[in-house]
Protein chains: 2
Amino acid sequence: MVMRIGRLPKQKRLLELANEIEQNPFITDEQLTKKFNVSIQTIRLDRMELGIPELRERIKLMAEKSYDQVRSLQIDEVIGEVVDLQLDKSGISIFEMNEEHVFSKTKIARGHHIFSQANSLAIAVIDDEVALTASADIRFIRSVKLGEKCIAKAYVRKDSLNHEKANVDVFTYVGNELVFEGNFVIFRSELKI
Amino acid sequence: MVMRIGRLPKQKRLLELANEIEQNPFITDEQLTKKFNVSIQTIRLDRMELGIPELRERIKLMAEKSYDQVRSLQIDEVIGEVVDLQLDKSGISIFEMNEEHVFSKTKIARGHHIFSQANSLAIAVIDDEVALTASADIRFIRSVKLGEKCIAKAYVRKDSLNHEKANVDVFTYVGNELVFEGNFVIFRSELKI
DNA sequence: ACTACTTTTAGTATCAGGTAATAATTTGGT
DNA sequence: ACCAAATTATTACCTGATACTAAAAGTAGT
């Protein structure tokens, strides 16, 4: 039970190592040897055991992830995945609530993400060069939780068409439960060249 | 003017090289030698001249950038920077519209970003464990353009306090021009342990 | 054609931050 | 004291570079 000074038992070290790397993914094995006061081989065996890749791999994975995110944001300018779209008529989009969309305490989705999905779908269904939200009347009917898939359905009001403004009603569901509804007034410019 | 087959003049190569790396930041110098049919030293001299760092540096910069973004999103759970906050009374936040917040065609801000700033400020001024948006009535008064700073001011309606719901009015300005106004109804749970 | 100059290529030494594999040593427990 | 697990040491090798020196090739100008 002597144990060299400043050392942790293996299981504890494994936990703290995983933690440390999560906190600071840019740390090298060598810096870790100093933190834990063990040899570099031990650190490497530990990483192996925990399935944690080397520094360069970690960094690369992060970069690839963020690169993909940026790309996909540029590709579809809509929040959520549009699965159906009939211009000037209706549209459907799906959006799943991940960790980054919820309050960390309660795991309940922030309202503006649900709004964003509905708002960008309302814009998407309007077949115009420039379409902007003029106003909106919205209700959050029940809270959406982490992991839930929101299905937003937008309908363009017939009687509102061919004008400077269009009315779009959006209903968002989780399963068959209504969680959000909103009426959006969309400005449309007749800039169709 | 003979020039070996499949070669570009230097200036053109420099432009295309910069372009290629921007399109695919994960490309190595060696892969580039094949694309441009020149030696690896030439590629490296070119990168030098263009001030483009090596693959590993590029990847690291991307990872650091995304890491900082994630961190800052976790640190302040509010969209925009809160510059003043009097709980249950009022609050002010500032949010600048960058490239990622505007439509690429028109450079006009997407409505949901302006909403997000207002919504998260409305939540922040409510001094409660759990506060959620129940409904909102909003108007976009004029469009916000790339680079403009939005100053959102939130006021909690006095008569709405001490209830299950609170009413928060938010006015967003660019300079002294009103660009957005909204009335938010916020659910508050009395879960004050 | 000869010179001056730029561009390109080659080659060597060195680096960080590892992997992989094998062997030796230390430690803890009984 | 003995055994197995844990740790450390050692060596060879890898990728994707930098830094530097030197030589070769191409490009004009006169």
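Chain identifiers are assigned alphabetically (A, B, ...) following the order of the sequence lines, protein sequences preceding nucleic acid strands; residue numbering begins at 1 within each chain.
Among the atoms of the strands shown, base atoms are found under 4.0 Å from some heavy atom of B/L45. Contacts of B/E54 with the nucleic acid, taken as non-hydrogen atoms under 4.0 Å apart, involve only primed sugar atoms and P, OP1 or OP2. Using a 4.0 Å heavy-atom criterion, one finds that A/R13 contacts the sugar-phosphate atoms exclusively.
Between the C1' atom of D/dT8 and the CZ atom of A/F36 lies a distance of 18 Å, rounded to the nearest Å. Between the CG atom of A/D46 and the P atom of D/dA5 there is a distance of 17 Å, rounded to whole Å. Taking atom CZ on B/R44 and atom P on C/dT14, their separation rounds to 17 Å, with Å as the unit. Atom P of nucleotide C/dG28 and atom NZ of A/K12 are separated by 16 Å, given to the nearest angstrom. Rounded to an integer number of Å, the gap from NZ of B/K10 to P of C/dT6 is 10 Å. In this structure, the CE atom of B/M48 is 9 Å from the P atom of D/dC20, given to the nearest Å. In this entry the distance linking CG of B/L55 with P of C/dA16 reads 18 Å, nearest Å. When rounded to the nearest whole Å, the span between CG of A/L50 and P of D/dA6 equals 13 Å.
Taken to the nearest 0.5 Å, the CZ atom of B/R110 stands 9.5 Å off from the CG atom of A/N119.
For B/R56 against D/dG16, a side-chain-to-base donor-acceptor contact under 3.5 Å is present.
Listed nucleotides D/dT8, C/dT8, C/dT9 differ in distance to B/V38; the shortest reach to its side chain belongs to C/dT9. When distances run from any side-chain atom of A/Q41 to the nucleotides D/dT18, D/dA9, C/dA10, the shortest one goes to D/dA9.
With contacts defined as side-chain heavy-atom distances shorter than 4.5 Å, the pair A/I186/A/I123 qualifies.
Taking 4.0 angstrom as the limit, A/R47 places a side-chain polar atom (N or O) nearer than this to OP1 or OP2 of C/dT19. Taking only side-chain nitrogens and oxygens, B/S39 comes nearer than 4.0 Å to OP1 or OP2 of C/dT9. At the phosphate of D/dG16, neither OP1 nor OP2 sits under 4.0 Å from any side-chain N or O atom of B/T28.
With no hydrogens or angles considered, no side-chain donor-acceptor pair links A/T33 and A/E30 at under 3.5 Å. There is no side-chain donor-acceptor pair under 3.5 Å between B/E181 and B/T172.
Note: A/H101 and A/H113 have perpendicular aromatic rings, judged against thresholds of 30 and 60 degrees for the angle between ring planes.
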